[in-house]
Amino acid sequence: MTTLVSTTDTVTRDALAVLQPGFTGTTAPDWLLRRVGEGLASVGLFGRNIHSPEQLAALTARLRAERDDVLVAIDEEGGDVTRLEVRNGSSFPGNLALGSVDDVDLTRAVARELGRRLAECGVNLNWAPSADVNSDPGNPVIGVRSFGADPALVARHTAAYVEGLQAAGVAACTKHFPGHGDTAVDSHHALPRIDVDSDTLHARELVPFRAAIAAGSKSVMSAHILLPALDPSRPATLSPRILTGLLRQELGYDGLIVTDGMEMDAIAGTYGIERGSVLAIAAGADAICVGGGLADEDTVLRLRDALVTAVRTGELPEERLADAAARVRALASWTLRARGAAPEPGADMQEGTAPGAGADIGLIAARRAVTVTGSGAPLREPAYVAAFTPVANIAVGAETPWGVAAELSRILPGTVADTYGSDSASPADEVLEAAGERRIVAVVRDAHRHPWMGAAVDALVAARPDTVVVEMGLPAALPRGAWHIATHGAARVCGIAAAETLTGTAP
């Protein structure tokens with residue numbers, strides 16, 4: 001492509017500084033290292049970039065050989081959304097599990113241990129936590145990523161999470177401002193709209209963000225959603241009223257504002273990523289997240305040149321771009337000062353946790369989050385596990401394993417498992433035939449959002465009343481089965497906790 005400007009002038013360096021791009025592979029490509037040397041201040045990591053903690057540490061060290069204060073960001077919420085453990089499932093339960101326990105010391109300890117592990121690998125900016133109030137149980141993209149539906153509960157756990165993460169030297173990025181919880185549309189696919197009045201937004205959506213700001217969240221991520229009560233024409237990411245007027249001026253936030261992924265269809269499909277990036281910086285955003293889907297040098301150059309051209313033509317004030325770049329560099333400086341702040345395992349454990357249990361805090365939390373309805377004798381014989389699997393949303397991804405079968409098979413060798421989807425002609429009949437005389441364990445994820453799943457479970461329970469149901473999503477449906485277990489998330493540790501409950505082997 002044609003480069004419009006010099007790679008050494010101040011405006012060009014500022015334009016590079018505000019980008020948070022991704023790349024492919026498990027080593028830093030030459031083009032990325034070159035751009036870091038030219039002024040690129042941030043790099044975003046995804047599951048495709050991570051093979052092991054050792055490999056990740058080597059990758060981040062290579063980036064820092066080019067620029068010591070480079071921001072290395074990751075989308076590591078724990079729970080269902082993990083990049084650090086994308087191939088095996090997270091060692092930490094997600095927000096809903098923590099919210100269901102409602103122990104802020106536990107949430108703080110989980111976030112601190114997660115932050116310690118990220119810091120050990122050289123990651124210093126985490127695009128988490130989600131501060132969304134999940135007021136719509138049918139929400140297709142938030143769900144278990146939220147601490148819950150009560151604004152006060154979400155607020156106190158958001159603050160605790162921010163404190164824990166940043167105590168480990170990793171900057172938090174509280175998202176998705178001003179709140180993605182009351183949406184029925186996934187912004188990866190289209191532009192969601194929240195039609196409530198301003199008073200409701202202030203009393204519900206904004207409460208956790210106020211708490212995050214008070215807790216010192218180093219960054220906030222904007223949402224690609226339209227809120228007509230705040231701005232009838234532009235989504236939050238592109239809205240001066242929302243980013244500058246509300247977040248900066250009314251809420252008094254002075255940290256870094258990061259956009260959600262600009263290649264998401266809510267922006268890319270309506271404004272395009274170049275135009276969207278210019279409008280976002282002009283509106284008050286300081287950093288452009290891109291790279292989940294577009295992860296090449298051409299994307300970086302397109303966005304860099306779009307920003308520089310907008311400055312040259314007067315569409316984007318040079319001072320606004322310079323201010324955004326300065327905020328990025330200020331956060332980078334904070335991470336340099338915070339480096340080495342990762343606590344030892346066991347620090348800040350909640351009352352009742354065994355000394356030295358820091359590395360196991362995720363499993364401890366997952367066990368506490370399990371709730372059981374009904375009663376039944378623990379499983380002693382190999383079972384048949386039927387996992388009813390919905391299509392994963394983009395934020396979660398389909399590559400991360402989930403369920404109880406692996407751990408149940410370890411405890412009860414000979415356990416058999418199969419997966420069923422919405423395309424199964426008659427899933428209940430198929431399960432009954434495959435199970436034979438084995439006890440059936442039906443594993444579901446957000447059964448309330450998938451009628452085919454609920455119908456299959458109802459048919460199984462009618463035919464085999466001793467069926468056990470494990471809900472690993474939002475437990476909004478009425479409990480089914482002789483024994484109903486809710487894990488409040490599908491992290492690997494949630495599956496372990498469920499299997500321990502099923503077999504009576506929990507400590």
Distance col, row Thr200:OG1 vs Leu227:CG, nearest 0.5 angstrom, shows 11.5 Å
Say you draw a straight line from CD of Gln55 to CD1 of Ile50; how long is it, rounded to the nearest 0.5 Å? 7.0 Å
Which residue pairs pass the side-chain hydrogen bond (donor to acceptor under 3.5 Å, both in side chains) test with at least one member in residues 206-220, sequence neighbours excluded? Thr174-Ser217
Would you tabulate the side-chain donor-acceptor contacts of residues 412-421 under 3.5 Å, counting partners in other chains and residues two or more places apart, or write 'none'?
residue	atom	partner	partner atom	Å
Thr415	OG1	Ala383	N	3.3
Thr415	OG1	Leu412	O	2.8
Asp418	OD2	Tyr384	OH	2.7
Tyr420	OH	Tyr384	OH	2.5

Please name the pair of heavy atoms, one in His180 and one in Ala223, separated by the smallest distance, quoted to 0.1 Å. CD2-CB, 4.3 Å
Identify all side-chain donor-acceptor contacts of residues 455-468 below 3.5 Å with residues at least two apart in sequence or on another chain.
residue	atom	partner	partner atom	Å
Asp458	OD1	Arg480	NE	2.7
Arg464	NH1	Gly436	O	3.1
Arg464	NH2	Arg438	O	2.5
Thr467	OG1	Arg464	O	2.7

Is there a donor in the side chain of Thr183 and an acceptor in the side chain of Asn139, or the other way round, less than 3.5 Å apart? yes
Please work out whether the ring planes of Phe209 and Phe177 are parallel, tilted or perpendicular, with thresholds of 30° and 60°. perpendicular
Scan for salt bridge (Lys or Arg N to Asp or Glu O under 4.0 Å) pairs involving residues 122-141, sequence neighbours excluded, and state none if there are none. none
List for me each residue that meets side chain to side chain contact (heavy atoms under 4.5 Å, CB included) alongside Val101, sequence neighbours excluded, and say none if there are none. Asp103, Leu106, Arg368, Ala369
Rounded to the nearest 0.5 Å, how far does CG of Leu96 lie from CE of Met472? 12.0 Å
Sequence-distant partners of Asp199, salt bridge (charged side-chain N to carboxylate O under 4.0 Å, His left out), two or more places apart: none
Please, which pairs that meet salt bridge (Lys or Arg N to Asp or Glu O under 4.0 Å) have at least one residue in residues 157-180, sequence neighbours excluded? Asp75-Lys175, Glu77-Lys175, Arg108-Glu163
Nearest-0.5 Å distance, CD of residue Glu500 to CD1 of residue Ile411: 6.0 Å
Less than 3.5 Å apart, which donor and acceptor atoms pair up between the side chains of residues 490-499 and the rest of the protein, not counting sequence neighbours?
residue	atom	partner	partner atom	Å
Arg492	NE	Gly89	O	3.2
Arg492	NH2	Glu85	OE2	3.4
Arg492	NH2	Ser91	OG	2.5

OG1/Thr27 to CG/Leu63 distance, rounded to the nearest 0.5 angstrom? 10.0 Å
Identify the heavy atoms of Ala211 and Ala159 that sit nearest to each other, and give their distance. O-CB, 4.0 Å
When you measure from the side chain of Asp446 to the backbone of Arg449, do you find a donor-acceptor pair of N or O atoms at a distance under 3.5 Å? no
Tell me, please, which residues at least two apart from Arg87 pass salt bridge (charged side-chain N to carboxylate O under 4.0 Å, His left out). none
If only atom types and distance count, is the side chain of Ser424 paired as donor or acceptor with the main-chain N or O of Ser426 below 3.5 Å? no
Do Thr299 and Glu263 have side-chain heavy atoms sitting under 4.5 Å apart? no
Return yes when atom CD of Glu433 has more than 12 non-hydrogen atoms of other residues, nucleotides or ligands closer than 6.0 Å, and no otherwise. no
Between Glu120 and Arg117, is the closest basic N to carboxylate O distance under 4.0 Å? no
Sequence neighbours left out, what passes side-chain hydrogen bond (donor to acceptor under 3.5 Å, both in side chains) with Thr158? Give chain and number order. none
Check whether the side chains of Glu471 and Thr487 place a donor and an acceptor atom closer than 3.5 Å, and report yes or no. no
What is the distance from atom CD of Glu205 to atom OG of Ser198, rounded to the nearest 0.5 Å? 11.0 Å
Taking distance alone, no hydrogens or angles, what donor-acceptor pairs closer than 3.5 Å link side-chain atoms of residues 370-380 to residues at least two apart or in another chain?
residue	atom	partner	partner atom	Å
Arg380	NH1	Thr503	O	3.0

In chain order, what residues pass the salt bridge (charged side-chain N to carboxylate O under 4.0 Å, His left out) check against Arg48, with sequence neighbours excluded? none
